[in-house]
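Taking it in order: structure first as structure tokens, then the write-up.
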Amino acid sequence: MSTTQVEGRSPSRVKPRPRWLRALGDGSPPEQLEIGGGPHRLVEVFKHDSWAATALYAGPHGARRVVKLHRRASAFGVPLSWVGWLTARREHRLLRNLADLPGIPALAGPVLSGGIPQKNAVAREYLDGHPLGDREAVNDRFFPELRDLLHAMHRRRIVYVDLHKRENVLVGENGDPCLFDFQISMDWPKWLPLRPIFSIMSGSDDYHLLKHWARCRPDQCGVADDQMAAKRPWWIRAHRLIARPIREMRRRLLVRIGVRTGKGRVESEQFAEHALRAAAPSDRQAA
């Protein structure tokens, strides 16, 4: 197994997360898994946080699959495996329901460990590419295609939710946009009206799309980066008033227990999100 350390950070300065802050507790992604009926070996752990461990596996004939192992460990004696089962089930359902859209990775089949089905696991095909860079000059079709993908999802009553993170947008090897992490995405029940909640959430997807578009291709979208604050919807402003203090408290806690350093940003942590490990300091977004 190979892992990547954060550039410029001594591994001795931080500790692994305590078991209650790790999806698999004291465990790690298995060295061997059966994915889609074939044996696979662990290549790299991309990320291991409170909600899931994400790892790359190699299979027969050069196949590469990404497996997300959702929460299985308890915390302070409270069983939480049911949370991992529910989030894995939802992510699997979303990937299945979006499988025909361009830019969505295909499911790779059931996951077994030692012959036992892993109900908290979701396996998908690996996508070649790189996370969208800060102010990256992508090709002319990138953002229009990403907009079309989001709107196709919205027509199916699905909201991405996590588009504020630039690292969740992948630039494929052919220059096309891809979305791959559906851990907190939502499919809206048909019996619920779309207004006002779904409209607010889909509007947030649209705002964050425009924010990335303005940073990377202001010449194309007609909006400059410094104009985005004026376009920020009221509900995002309200959310930030609540979310920012909570996020700062969480960061201070993680620094205090030695899991993170400095200002407590995610890239200072062991097994931080893969896209953030190799990012240069000027190329990082707030977690």
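The figures here come from the full heavy-atom set of this structure, side chains too, leaving out hydrogens, waters and symmetry mates.
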task: May I ask you to test the Lys211-His164 pair for a side-chain heavy-atom distance under 4.5 Å?
output: yes
- request: Starting from the C-alpha separation in whole Å, work towards a yes-or-no answer on side chain to side chain contact (heavy atoms under 4.5 Å, CB included) for Val66 and Thr54.
  value: CA-CA 7 Å; Val66 175; Thr54 307; 3.6 Å; yes
field: Results of side chain to side chain contact (heavy atoms under 4.5 Å, CB included) for Pro60 - residues two or more places apart only
entry: Pro39, His40
Listed once per pair and sorted, the salt bridge (charged side-chain N to carboxylate O under 4.0 Å, His left out) pairs that draw on residues 217-229, sequence neighbours left out: Arg135-Asp225, Asp140-Arg217, Arg215-Asp225, Arg217-Asp219
Intermediate values then yes/no, salt bridge (Lys or Arg N to Asp or Glu O under 4.0 Å), Asp181 and Lys165: CA-CA 11 Å; Asp181 188 349; Lys165 294 182 179 179; over 6 Å; no
query: Which pair of heavy atoms, one from Phe143 and one from Cys216, lies closest together, and at what distance?
result: CE1-CB, 3.6 Å
message: Run Arg240 and Arg232 through side chain to side chain contact (heavy atoms under 4.5 Å, CB included) and show every step you take.
response: CA-CA 11 Å; Arg240 289 186 175 188; Arg232 190 174 299 143; 3.2 Å; yes
message: To the closest 0.5 Å, what do you measure between OG (Ser202) and CZ (Arg157)?
response: 11.0 Å
message: Any carboxylate oxygen within less than 4.0 angstrom of a Lys/Arg side-chain nitrogen, looking at Glu31 and Arg41?
response: no
- request: Is it possible for you to say whether Trp235 and Leu210 belong to one hydrophobic cluster, with membership spreading through side-chain heavy-atom contacts below 4.5 Å?
  value: yes
Hphob cluster co-occupancy, Leu209 + Val159, side-chain heavy atoms under 4.5 angstrom: no
- prompt: Atom CD1 in Ile158, atom CG in Asp187: separation rounded to 0.5 Å?
  reply: 5.5 Å
- prompt: Which distance, rounded to the nearest 0.5 Å, do you find between the CE of Met153 and the CG of Asp148?
  reply: 13.0 Å
statement: Contacts of Trp85 meeting ring-ring contact (aromatic ring centres under 6.0 Å, His included) (sequence neighbours excluded), chain-then-number -> none
field: Single-linkage hydrophobic cluster, 4.5 Å side-chain cutoff, Val83 and Ile184 together
entry: no
Distance-only donor-acceptor pairs under 3.5 Å for side chains of residues 106-121, two or more places apart:
residue, atom, partner, partner atom, Å
Gln118, NE2, Ile116, O, 2.9
Asn120, ND2, His70, O, 2.7

message: I want to check something: taking the side chain as every heavy atom from C-beta on, are Pro16 and Val259 in contact at a cut-off of under 4.5 Å?
response: no
Over 12 foreign heavy atoms within 6.0 Å of CZ, Arg141: yes
query: Between CZ of Arg244 and NE2 of His239, what distance do you get to the nearest 0.5 Å?
result: 11.0 Å
message: Among residues at least two apart in sequence or on other chains, which ones pass salt bridge (charged side-chain N to carboxylate O under 4.0 Å, His left out) with Glu248?
response: Arg251
- line: Residues at least two apart in sequence or cross-chain that pass salt bridge (charged side-chain N to carboxylate O under 4.0 Å, His left out) with Arg90, listed by chain then number, are none
message: Ignoring hydrogens, what is the shortest heavy-atom contact between Gly262 and Val255? Give both atom names and the distance.
response: O-CG2, 3.8 Å
- prompt: With a 4.5 Å heavy-atom cut-off, do Ser50 and Arg17 have their side chains touching?
  reply: yes
field: Verify same cluster id: Trp82, Phe76 (apolar side-chain graph, 4.5 Å)
entry: no
- request: I would like to know whether Arg65 and Glu125 meet side chain to side chain contact (heavy atoms under 4.5 Å, CB included); could you show each step before the answer?
  value: CA-CA 5 Å; Arg65 273 72 187 259; Glu125 300 296 339; 3.0 Å; yes
query: Counting N and O atoms only, with roles assigned by atom type, does the side chain of Arg22 sit under 3.5 Å from a partner on the main chain of Gly27, one being a donor and the other an acceptor?
result: yes
message: Looking at every non-hydrogen atom in both residues, tell me the closest pair between Lys47 and Asp49 and how far apart they are.
response: CE-OD2, 2.9 Å
message: Going by salt bridge (charged side-chain N to carboxylate O under 4.0 Å, His left out), name the residues that satisfy it together with Asp128, two or more places apart in sequence or in a different chain.
response: Arg64
- prompt: Quick one: does Tyr57's side chain get under 4.5 Å of Gln32's, heavy atoms only?
  reply: no
message: Check the orientation of Tyr160 and Phe182. Use parallel for under 30°, tilted for 30 to 60°, and perpendicular for over 60°.
response: perpendicular
message: Just to verify, what does Asp205 make a salt bridge (charged side-chain N to carboxylate O under 4.0 Å, His left out) with, not counting sequence neighbours?
response: none
message: Between Leu194 and Met201, is there shared hydrophobic-cluster membership here, with clusters defined by ILVMFWY side-chain heavy atoms closer than 4.5 Å?
response: yes
task: Would you check if Ile236 and Ser204 make a side-chain contact, meaning some heavy-atom pair closer than 4.5 Å?
output: yes
- request: Indicate whether any N or O donor in one side chain lies under 3.5 Å from an N or O acceptor in the other, for His151 and Asp206.
  value: yes
All ring-ring contact (aromatic ring centres under 6.0 Å, His included) counterparts of Trp51, not counting sequence neighbours: none
- request: Using a 4.5 Å cut-off on heavy atoms from C-beta on, say whether the side chain of Leu132 contacts that of His212.
  value: yes
Which pairs would a plain distance check flag for residues 94-104, meaning a side-chain donor or acceptor within less than 3.5 Å of a matching protein atom at least two apart in sequence or in another chain?
residue, atom, partner, partner atom, Å
Asn97, ND2, Arg93, O, 3.3
Asp100, OD1, Arg156, NH1, 2.7
Asp100, OD1, Arg156, NH2, 3.4
Asp100, OD2, Arg156, NH2, 2.8

- prompt: About how many Å separate CZ of Arg166 and CD of Glu136, when rounded to the nearest 0.5 Å?
  reply: 9.0 Å
- request: Measure the NE2-CG distance between His48 and Leu21 for me, rounded to the nearest 0.5 Å.
  value: 10.0 Å
field: Sequence-distant partners of Tyr207, ring-ring contact (aromatic ring centres under 6.0 Å, His included), two or more places apart
entry: none
- request: Find out whether Leu179 and Leu146 are in side-chain contact, i.e. whether some heavy atom of one side chain is under 4.5 Å from a heavy atom of the other.
  value: yes
- line: Taking every heavy atom of Gly129 against every heavy atom of Leu170, the minimum-distance pair comes out as C-CD1, 4.0 Å
- request: Anything under 30° is parallel, anything over 60° is perpendicular, the rest tilted; go ahead and classify Phe198 against His154.
  value: perpendicular
message: Within the 4.5 Å heavy-atom criterion, are Val171 and Val138 side-chain neighbours or not?
response: yes
query: Just by distance, do the side chain of Asn168 and the backbone of Leu163 share a donor-acceptor pair under 3.5 Å?
result: no
query: Any idea which heavy atoms bring Phe180 and Glu167 closest together, and the distance?
result: CZ-O, 3.7 Å
- prompt: Can you name the residues that form a ring-ring contact (aromatic ring centres under 6.0 Å, His included) with Phe142, not counting sequence neighbours?
  reply: none
statement: Residues Leu80 and Arg71: closest non-hydrogen pair is O-CG, 3.8 Å
- request: Take atom CZ of Arg195 as the centre, draw a 6.0 Å sphere, and report whether it contains more than 12 heavy atoms from other residues, nucleotides or ligands.
  value: no
